[in-house]
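Model, not experiment: these values are computed from the prediction. Because only heavy atoms are used, hydrogens play no part in the values below, and waters and symmetry mates are left out as well, while side chains stay in.
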Amino acid sequence: MYQHFRTDRLLKEVSTLGIGGPARYFVEVKEVDKLQELLSFCYKEGMRFFILGKGSNCLFDSQGLDALVIQNKIDFCSEEEPGHFVVGAGYSFSLLGTQTAKRGWSGLEFASGIPASIGGALFMNAAAQGQETSTHLVYVDYVEQDGKIRRYMKEELTFSYRFSSFQKMKGAIYRACFILKPSLEARKKQLQLLQARVSTQPYQEKSAGCVFKNPACSAAGRLIEQCGLKGYRIGGAEVSTIHANFLINAQDATSQDFLDLREYVRKEVERQTGVKLEPEVYWIHDEAL
Ligand code: EPU
């Protein structure tokens with residue numbers, strides 16, 4: 001098995017934030033049987049692993065990761081019946097949003113422009129402009145830790161704001177089925193949502209998306225801006241001047257720069273407003289696996 005693994009992969013190359021040291025082992029999977037084989041191998045060998053999609057909500061440690069990083073590239077998309085889409089976990093969420101809307105299906109228009117894989121979007125229950133990944137989900141086929149595939153109907157899973165049951169599970173998402181609704185407005189809505197995203201978010205910068213969850217009382221970005229933190233910098237990490245809930249890798253930032261800036265922003269917002277912000281970006285380091 002070890003001969004299939006790369007040992008020279010820098011995680012910053014597979015992260016939208018552009019931060020991360022070397023993975024001890026790295027492998028890409030395109031077929032589900034390979035994913036099953038890898039998970040049962042890790043289970044038997046007691047090897048730590050991390051399932052990677054498009055690396056968009058992850059802060060990898062600059063020290064690297066003493067684990068096997070499995071990049072899920074199972075990227076098929078098939079329309080089994082009109083409006084019924086079965087999609088591999090490695091498929092682009094953004095592409096799915098654009099393609100379904102173009103064909104007149106509504107429910108995933110918001111996905112257009114989100115730099116996630118289907119697996120990552122389900123894991124985080126990605127959402128925007130009032131739509132959520134889980135809303136039109138029917139089932140997920142999941143590779144358990146021992147390599148066996150189990151189907152979870154949506155009703156057996158919990159989804160809420162930036163949360164899914166997958167965050168507490170130990171295997172890997174293989175594929176998902178969504179049933180969308182016909183709509184003559186789908187394409188128009190998708191283009192409007194994409195335009196709104198592009199004009200309010202720093203999409204040309206290296207970032208991991210929004211860093212804090214929105215608290216009940218306000219938007220995290222608004223609070224951070226009100227505290228005068230836009231443009232604040234620690235090392236190479238900077239609070240975006242476009243959207244304050246995005247911390248960007250402005251210049252060769254390390255994971256420590258990013259963590260220090262995140263902590264500074266969290267403390268400053270609490271000091272000035274009394275609101276405690278909660279992070280939504282995962283810090284992937286050895287102790288976390
Ligand atoms: N705002 C500011 N200053 C800023 C940023 C925002 O005053 O620097 C204000 C805006 O003017 C607006 C309010 O805050 O009145 C909300 O801003 P926005 O519409 O940009 O949405 P958001 O609440 O900041 C959420 C999600 C985004 C998602 C957008 C669009 C969270 C933490 N963020 O952002 O998700 O794309 O809505 O629906 O829930 C992500 O999770 O990574 C993410 C980017």
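For the 3.5 Å distance criterion, the side chains of Glu79 and Trp105 qualify, holding a donor opposite an acceptor. Between the side chains of Arg233 and Gln251, a donor-acceptor pair is found at a separation under 3.5 Å. For the residue pair Glu132 / Ser134, a side-chain donor-acceptor distance below 3.5 Å is found, with atom types taken as modelled. At a cut-off of 3.5 Å, with distance as the only test, no side-chain donor of Ser40 or Asp146 sits close to an acceptor on the other residue. With no hydrogens or angles considered, no side-chain donor-acceptor pair links Glu155 and Tyr139 at under 3.5 Å. Glu185 and Ser183 share no donor-acceptor pair across their side chains, judged by distance under 3.5 Å alone.
Note on residues 157-191: pairs passing ring pair (Phe, Tyr, Trp, His ring centres under 6.0 Å), not counting sequence neighbours, are Tyr142-Phe166. Within the structure, ring pair (Phe, Tyr, Trp, His ring centres under 6.0 Å) contacts touching residues 213-235 (residues at least two apart or in different chains) are Tyr232-Tyr264.
Checking side-chain atoms of Ser112 against main-chain N and O of Gln190 turns up no donor-acceptor pair under 3.5 Å. In this structure, Glu109 contributes its side chain and Gly107 its backbone to a donor-acceptor pair below 3.5 Å. Under the 3.5 Å distance criterion, the side-chain polar atoms of Asn249 are left unmatched by any main-chain donor or acceptor of Lys206. No donor-acceptor pair closer than 3.5 Å links the side chain of Asp260 to the backbone N or O of Asp257. Judged by distance alone, with hydrogens and angles left aside, the side-chain atoms of Asn72 form a donor-acceptor pair with the main-chain N or O of Ile173 at under 3.5 Å. Between the side chain of Thr16 and the main chain of Gly55, a donor-acceptor pair closer than 3.5 Å is present. Remark: side-chain polar atoms of Thr135 are not paired, donor with acceptor, to backbone N or O of Gln131 under 3.5 angstrom.
Summarising the local packing, CD of Glu263 is surrounded by more than 12 heavy atoms from other residues, nucleotides or ligands at distances under 6.0 Å. Atom CD of Glu156 has more than 12 heavy atoms from other residues, nucleotides or ligands within 6.0 Å. The environment of CZ in Arg197 is crowded: more than 12 heavy-atom neighbours from other residues, nucleotides or ligands sit within 6.0 Å.
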Using ring-ring contact (aromatic ring centres under 6.0 Å, His included), reason through Phe110 and Phe93 one step at a time and then give a plain yes or no. CA-CA 10 Å; Phe110 77 101; Phe93 192 50; 5.6 Å; yes
Would Phe41 and Tyr2 count as a ring-ring contact (aromatic ring centres under 6.0 Å, His included) here? Give the steps. CA-CA 10 Å; Phe41 167 82; Tyr2 288 95; 5.5 Å; yes
Set out, in order, the CA-CA distance, both residues' side-chain angles and the distance that settles side-chain hydrogen bond (donor to acceptor under 3.5 Å, both in side chains) for Ser207 and Glu205, then state yes or no. CA-CA 6 Å; Ser207 89; Glu205 305 286 352; over 6 Å; no
Just do the salt bridge (charged side-chain N to carboxylate O under 4.0 Å, His left out) check on Glu270 and Lys267 with the steps written out, would you? CA-CA 5 Å; Glu270 187 173 357; Lys267 282 200 171 129; over 6 Å; no
Verdict with reasoning, Glu280 to Arg162, per salt bridge (charged side-chain N to carboxylate O under 4.0 Å, His left out): CA-CA 7 Å; Glu280 75 154 71; Arg162 298 296 186 270; 3.0 Å; yes
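Here Lys73 does not pair with Asp75 in a salt bridge; the nearest charged N to carboxylate O distance is not below 4.0 Å. Under a 4.0 Å N-O distance rule, the pair Glu268/Arg271 qualifies as a salt bridge. Salt-bridge check for Glu37 with Lys34: failed, with every basic side-chain N at 4.0 Å or more from each acidic carboxylate O.
To the nearest 0.5 angstrom, Leu223 atom CG is 10.5 Å from Phe212 atom CZ. If you take CG on Leu52 and OG on Ser117, they are separated by 8.0 Å, rounding to the nearest 0.5 Å.
Cluster membership for Leu157 and Ile51, using ILVMFWY side-chain heavy atoms within less than 4.5 angstrom, is not shared. Both Leu180 and Leu122 are part of a single hydrophobic cluster, where members link through side-chain heavy atoms under 4.5 Å apart.
Of all heavy-atom pairs spanning Thr133 and Ala121, the tightest one is OG1-O, 3.5 Å. Heavy atoms only, all atoms of each residue included: Val86 and Arg175 are closest at CG1-CD, 3.8 Å. The two residues Val275 and Cys217 make their nearest non-hydrogen contact at CG2-SG, 3.9 Å.
Taking Ile, Leu, Val, Met, Phe, Trp and Tyr as hydrophobic and joining them when side-chain heavy atoms fall under 4.5 Å apart, one finds Tyr203 in a cluster with Leu194, Val198.
Trp283 and His285 have parallel rings, their planes meeting at less than 30° on a 0 to 90° scale where 60° marks the start of perpendicular.
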